[in-house]
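Each chain gets a letter, A, B and so on, in the order the sequences are listed, and its residues count up from 1. Since the structure is predicted, the reported quantities are computational estimates derived from the model, not experimental observations.
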Amino acid sequence: MSETIRTRYAPSPTGRMHVGNLRSALYEFLIAKHEGGAFLLRIEDTDQERYVEGAVDIIYRTLETAGLLHDEGPDKDGGFGPYVQSERMKTGIYMEYAKKLVEKGEAYYCFCDKERLESLRTEVVEGKEIMLYDKHCLGLSRAEVEEKLAAGVPFVIRQNIPNEGTTTFHDELYGDITVENAELDDMILIKSDGYPTYNFANVVDDHTMNITHVVRGNEYLSSAPKYQRLYDAFGWESPVYIHLPLITDETHKKLSKRSGHSSFEDLLEQGFLPEAVVNYIALLGWSPEENREIFTLDELIEQFDYRRISKSPAVFDYTKLKWMNGEYLKAMDPERFFELAEPYLRAVIHRDLDLKKIAAMVQTRIEIFPDIAEHIDFFEALPEYDAAMYTHKKMKTTAETSLAVLCDVLPLLEAQEDYSNDALYALLGGYVAEKGVKNGYVMWPLRTAVSGKQMTPGGATELMELLGKDESIARIKAGIAKLGGNV
RNA sequence: GGUUCCUUGGUCAAGCGGUUAAGACGCCGCCCUCUCACGGCGGAAACAGGGGUUCGAUUCCCCUAGGAACUGCCA
């Protein structure tokens, strides 16, 4: 298999990974793995200004918890290293390649200072400025360039793009895209600090690392022609391009850290499961052949056909993510659910109750773990509630009937020793049958008394089993008192 | 402003010339039920507009409109 697919995820270490980046990484991973190819991680830290301490670790951690294990990377040499651009720069690779371009006339030294560049800037409309470099330094003679270099004048190296003609590149999803060369700016390849720009390092690295499929967000679609010209200038075969549709927020703006959109880690902190997030974002911009939505990572690898990636942007729908997280929770093994839920349970319940049973009650009722609190708070302490809660039209109960029922049933419950759900249900079932009333007629007041809540994660008898005899009786008496009865 | 891309229900989306235009989330209703939830059943809700091409356009082409991205010595 000499034609093995190689994709790469090439983030800048600038903080947490937001969802858009993670989705790119996921697709890059899936495209490679679907074909049994390699997925590499390359750190693009050519911007020392934006570099954030510890960000590389965040990237490792995020990829690992998302399950997107890379085959090669800074911590996993595959023979194409280094995998960190600042380290690659020390080898002189970028300058070396830039000079090749200069020799070919495809790039040139530029000594223009900030002031001159500023003067080229023109305002187009309300504050928006554009700048197309005027190729001023392209006119410098070889001798002039040598002289300035020798004198130590700061310089950058720019790509030389002709003013005539067009450039075309091919994208697997978007097809052929052609632009006028005159529209293309002579972008900077090597910055004055000697670092390559993203644009240049990206092309050099993708080529030298044998990346076969360049997969990235389609915000790069408009600069792709410039990259294409670089490949052509070097005489390199261009990679397969796959530009991904953007993920946006509800106002249809691109998701970005800058705008404060949730990162993967934010979502985990909000109580989402990594596998649910991964599953959800896989479906943002791609759909499987079969009509299905829940996929494990392995199933995604199996199913992922990049030709089914869509071209239009997708809104990140928090509500649906929650639903999907809930699906994962419901399908989860009860033991594992309990392990994950336990901290949330303990945060609310400090008394000695059967937390496993409570976890089981709550498993089908929550979408994310933080939802647990509102469902179980009454176990810890009977909340303040209004006597009006005893009135329920469908149950045909009122404060009066409730009082009567509670008074009737109290002695039975006091005499009862077995407080298991089944035994209690049988006991009360007897009362219901004897009185010829509906279940709810007695269960509603009981559940209300015992929980003080409109809705609970279990029925009256289930709650009493958990609360135990003493606490149940105490709460029922409190209910009777609240309804004006004597205990 | 320029360039490029995008346009099926509120959202994710199937569709790839002929369909009653799937499905999912959300919403509404019913059933189940010791409340709620789960589960089951059902409902409202879409091809941006205009021209072509064609026997026939949601599907192909053009125009218009709307949206987005890019337009940094950031990626």
Side-chain angles (χ1 to χ4, degrees), chain A residues 10-12 14 21 44-47 49-50 110 114 117 122-126 128-132 154 156-158 171 174 177-180 182-185 187-193 195-199 201-202 216-225 243 245-246 248 250 252-254 258 280 283-294 308 310-324 326 330 361-366 375 392 394-395 421 424-425 428-429 432 438-444 446-448 451 453-463:
Chain A
S12 309
T14 59
N21 285 152
E44 310 222 328
D45 59 346
T46 56
D47 183 1
E49 304 262 310
R50 294 210 304 156
C110 171
K114 254 208 154 68
L117 260 20
T122 50
E123 179 170 327
V124 235
V125 59
E126 38 189 275
K128 292 204 74 178
E129 295 178 328
I130 56 162
M131 208 266 284
L132 264 185
V156 299
I157 295 179
R158 314 186 83 110
D171 179 275
Y174 293 93
I177 294 177
T178 301
V179 298
E180 295 287 332
E183 298 290 339
L184 272 18
D185 189 33
M187 69 174 177
I188 291 173
L189 270 21
I190 300 288
K191 307 185 230 181
S192 56
D193 62 4
Y195 274 85
T197 54
Y198 159 84
N199 310 298
N202 207 260
R216 46 154 78 124
N218 81 11
E219 65 263 39
Y220 294 104
L221 212 47
S222 34
S223 32
H243 286 91
L246 261 19
T248 74
E250 50 290 336
H252 303 282
K253 297 286 192 279
K254 183 176 86 167
R258 175 69 205 262
Y280 176 67
L283 265 23
L284 240 33
W286 175 83
S287 62
E289 214 163 337
E290 54 178 327
N291 192 10
R292 175 154 78 111
E293 297 197 295
I294 304 296
R308 295 184 63 87
S310 65
K311 292 191 281 195
S312 42
V315 173
F316 185 85
D317 185 355
Y318 201 80
T319 305
K320 185 151 186 181
L321 204 214
K322 279 176 107 166
W323 164 79
M324 188 169 282
K330 277 182 286 186
M361 290 176 119
V362 109
Q363 186 164 2
T364 59
R365 288 166 228 259
I366 62 167
H375 282 103
H392 189 112
K394 269 191 86 172
M395 299 301 126
N421 177 39
L424 288 170
Y425 195 73
L428 294 167
V432 165
K438 289 188 54 168
N439 249 336
Y441 188 79
V442 14
M443 294 306 191
W444 178 265
L446 264 178
R447 200 181 53 79
T448 301
S451 69
K453 295 195 78 169
Q454 202 85 250
M455 49 186 89
T456 56
T461 57
E462 291 175 275
L463 301 186

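Of the two residues near RNA chain B, A/Trp444 and A/Leu132, the one whose nearest nucleotide lies more 5' is A/Trp444. Mapped onto RNA chain B by nearest heavy atom, A/Asp47 and A/Pro288 fall at different nucleotides, with A/Pro288 at the one closer to the 5' end.
In this structure, A/Ala314 reaches the sugar-phosphate backbone alone: every heavy-atom distance under 4.0 Å involves primed, P, OP1 or OP2 atoms, never a base. The residue A/Thr248 sits apart from the nucleic acid: no heavy atom pair falls under 4.0 Å. Across all strands shown, A/Leu246 has heavy atoms under 4.0 Å from sugar-phosphate atoms exclusively, and none from any base. A/Pro11 comes within 4.0 angstrom of no nucleic acid atom, judged by non-hydrogen atoms across all strands. Note on A/Asn439: only backbone sugar-phosphate atoms sit closer than 4.0 angstrom, heavy atoms only; bases stay farther off. Using a 4.0 Å heavy-atom distance criterion, A/Met395 is classed as a sugar-phosphate-only contact. Among the protein residues, A/Thr456 comes within range of the nucleic acid bases, having at least one heavy atom under 4.0 Å from a base atom. A/Tyr195 comes within contact range of no nucleotide atom at all, as no heavy-atom separation falls under 4.0 Å. A/Gly217 comes within contact range of no nucleotide atom at all, as no heavy-atom separation falls under 4.0 Å.
Residue side chain A/Ser192 reaches the base of B/rC73 through a donor-acceptor N/O pair under 3.5 Å, judged by distance alone. Side-chain to base pairing of A/Tyr220 with B/rA75: one donor and one acceptor N or O lie within less than 3.5 Å of each other. No donor-acceptor contact under 3.5 Å links the side chain of A/Lys253 to the base of B/rA68. With hydrogens and angles ignored, a donor-acceptor pair under 3.5 angstrom links the side chain of A/Thr461 to the base of B/rC34.
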Quick one: which protein N/O atoms are closer than 3.5 Å to N/O atoms of nucleotides 58-63 of chain B? Pair and distance per line, please.
none

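With sequence neighbours left out, A/Thr461 forms a side chain to side chain donor-acceptor pair (under 3.5 Å) with A/Asn421.
Taking CE of A/Met131 as the start and CD of A/Glu123 as the end, the distance is 15.5 Å to the nearest 0.5 Å.
The pairing partner recorded for B/rU7 is B/rA65, the criterion being a Watson-Crick or G-U wobble arrangement whose two distances lie under 3.5 angstrom.
An OP1 or OP2 oxygen of B/rC6 is reached within less than 4.0 angstrom by a side-chain nitrogen or oxygen of A/Lys311.
Side chain to side chain, A/Tyr425 and A/Asn439 meet the donor-acceptor criterion of an N or O pair below 3.5 Å.
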